[in-house]
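A short worksheet on the structure shown next.
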Protein chains: 2
Amino acid sequence: DKREDHDADQYDCSPTAEKTIDDILKGSPGNDERRALIDNLLRQDPWKAAKNIKNYMGRHNIPQREVVDSTGLNQSHLSQHLNKGTPMKNQKRGLLYAWWAKKKDEVAAQFKIAQSGMGAEQVEEAAGVSPRARRNRFKWGPASQQILYDAYQHQRNPTKEEREELVKKCNRAECNQRGVSPSHANGLGSNLVTEVRVYNWFANRRK
Amino acid sequence: DKREDHDADQYDCSPTAEKTIDDILKGSPGNDERRALIDNLLRQDPWKAAKNIKNYMGRHNIPQREVVDSTGLNQSHLSQHLNKGTPMKNQKRGLLYAWWAKKKDEVAAQFKIAQSGMGAEQVEEAAGVSPRARRNRFKWGPASQQILYDAYQHQRNPTKEEREELVKKCNRAECNQRGVSPSHANGLGSNLVTEVRVYNWFANRRK
DNA sequence: TTTGGTTAATAATTCACCGGA
DNA sequence: TCCGGTGAATTATTAACCAAA
């Protein structure tokens, strides 16, 4: 290969090498059960599995890019498979399902750990989220946006206090959407709502 | 700088250096008039200018990316400026208008040359289209798509003859949209409709 | 702080392409 | 000659800045 490794000594994946299910499942316990889940999904209707995964990603606001990075699947292919049911060979669907199997455990672990007083990022680490993966970008969830939107109608320039109030409301709503107690908000990881994000939301909205 | 020049000994622009109006206008005659046009546009309402440019790009199916490449403007900034009227400083708007001023002449030249029997690509070259610029990707125009869509209703798998027929119809429509005689179809450049493209359109549509 | 500018990143879409049957 | 698979490119949109008033 010609060029030196991009800026990316921070990524999980050699961009060149194909991934295998084992790469995705590496380490961590409980892999036998995951295998079973994967095989099971492979035998079922791909479109149903796609809808379930999409649903899960939506509920947890997981960026498609994370899937792309950790499975090595092609972004547009994945997008079409998930959103339109475009066919995907078993080999590749396996990677997708492996990612899902692992991700579900990671997310669960994150919320479990989040009870302790750790900050959101520490929680992610403690949960063993693949350490070399790129940190996800924050993304607003529909529930939070509704809250902000309602607030915006009433007041376009909220004070710091009002913003803090919104932060709490949003995080509560997000936890709710994920079916976890609001006290576990730090498990939201990169999607934890903060005052700056609320500030930015209003600033961008005003434009 | 750290990395060796990308795969791109084929591009016009050093990705690092800021562009100037002169870079864009370089060479070619008639630059005084272009200057005048640019200054004029800079004094007018940016949103009106944006609409005119957008309109022009639409009529000729010019990819936004070409503008980005040749002006050095940021893609999302350009997109927002053109589509939503997001503000852009004069310095940058100047680059945009310079591109436009030059492009209009190039396009006109292309259609003029296209009378001769040259193929579409030769026409572009002969017209002096910045030689080191990336070749644009083909893009269907709305007029052609309507034609194809109508044909699709009647027959999902057209024969080669039918396809050739559609090619002619489409190219005629495209020329028409640009206000030039159908005999100048080769001036369409990268947007010239061909049988393979029609074939692909149907193949993709059937999915 | 807020607005005026500006941008990296994300992801749906668009158009192609390839290996078989 | 078509279809099952795939993918590079394109671009609207999202969530951030940052300088300066």
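Letters go in sequence order (proteins before strands), and every chain restarts at 1. Basis for what follows: all heavy atoms, side chains included, without hydrogens, waters or symmetry-related copies. Bear in mind the structure is a predicted one, so any value in this text is a computation, not a measurement.
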Can you pull every protein N or O that's under 3.5 Å from an N or O on nucleotides 18-21 of chain C?
none

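Between A/K160 and B/N200, the residue anchored nearer the 5' end of DNA chain C, judged by the nucleotide with its closest heavy atom, is A/K160. Toward the 5′ end of DNA chain D lies the nearest nucleotide of B/R156, the other residue of the pair A/Q145 and B/R156 mapping further downstream.
At most 12 heavy atoms of other shown residues, nucleotides or ligands fall within 6.0 angstrom of atom OH in A/Y149. By the neighbour-count criterion of 12 heavy atoms within 6.0 Å, atom NZ of B/K54 is densely surrounded, having more than that number from other residues, nucleotides or ligands.
Partners of A/R172 under the salt bridge (charged side-chain N to carboxylate O under 4.0 Å, His left out) rule, at least two apart in sequence or in another chain, do not exist in this structure. With sequence neighbours left out, B/R137 forms a salt bridge (charged side-chain N to carboxylate O under 4.0 Å, His left out) with no residue at all. Residues passing the salt bridge (charged side-chain N to carboxylate O under 4.0 Å, His left out) test with B/K160 are B/E195, sequence neighbours excluded.
Side-chain atoms of B/R197 and B/N200 include no donor-acceptor pair closer than 3.5 Å.
Along DNA chain D, read 5' to 3', the first and last nucleotides having any atom under 4.0 Å from a heavy atom of chain B are D/dC2 to D/dT14.
Rounding to whole angstrom units, CZ of residue A/R205 and P of C/dT3 are separated by 14 Å. B/F202 has its CZ atom 14 Å from the P atom of C/dA16, to the nearest Å.
Residues A/E174 and A/N191 are not in side-chain contact: their nearest non-hydrogen atoms beyond the backbone lie 4.5 Å or more apart. Side-chain contact between A/R93 and A/N90: present, with at least one pair of heavy atoms (C-beta onward) separated by less than 4.5 Å. Within the 4.5 Å cutoff, no side-chain heavy atoms of B/F138 are placed close to those of B/V196.
A salt bridge does not link B/D39 to B/R43: none of the charged side-chain nitrogens sits closer than 4.0 Å to a carboxylate oxygen.
A distance-only check finds a donor-acceptor pair linking the side chain of A/R206 to the backbone of A/R156 [under 3.5 Å].
Residue A/W140 is in sugar-phosphate contact alone, with no base atom involved, counting any heavy-atom pair closer than 4.0 Å across all strands shown.
Between C/dT1 and A/N157, no contact under 4.0 Å exists linking OP1 or OP2 to a side-chain N or O.
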> Which letter, B, S or -, goes with each nucleotide of nucleotides 4-13 of chain C from 5' to 3', with contact meaning a protein heavy atom under 4.0 Å?
Replying inline: BBBBBBSBBB

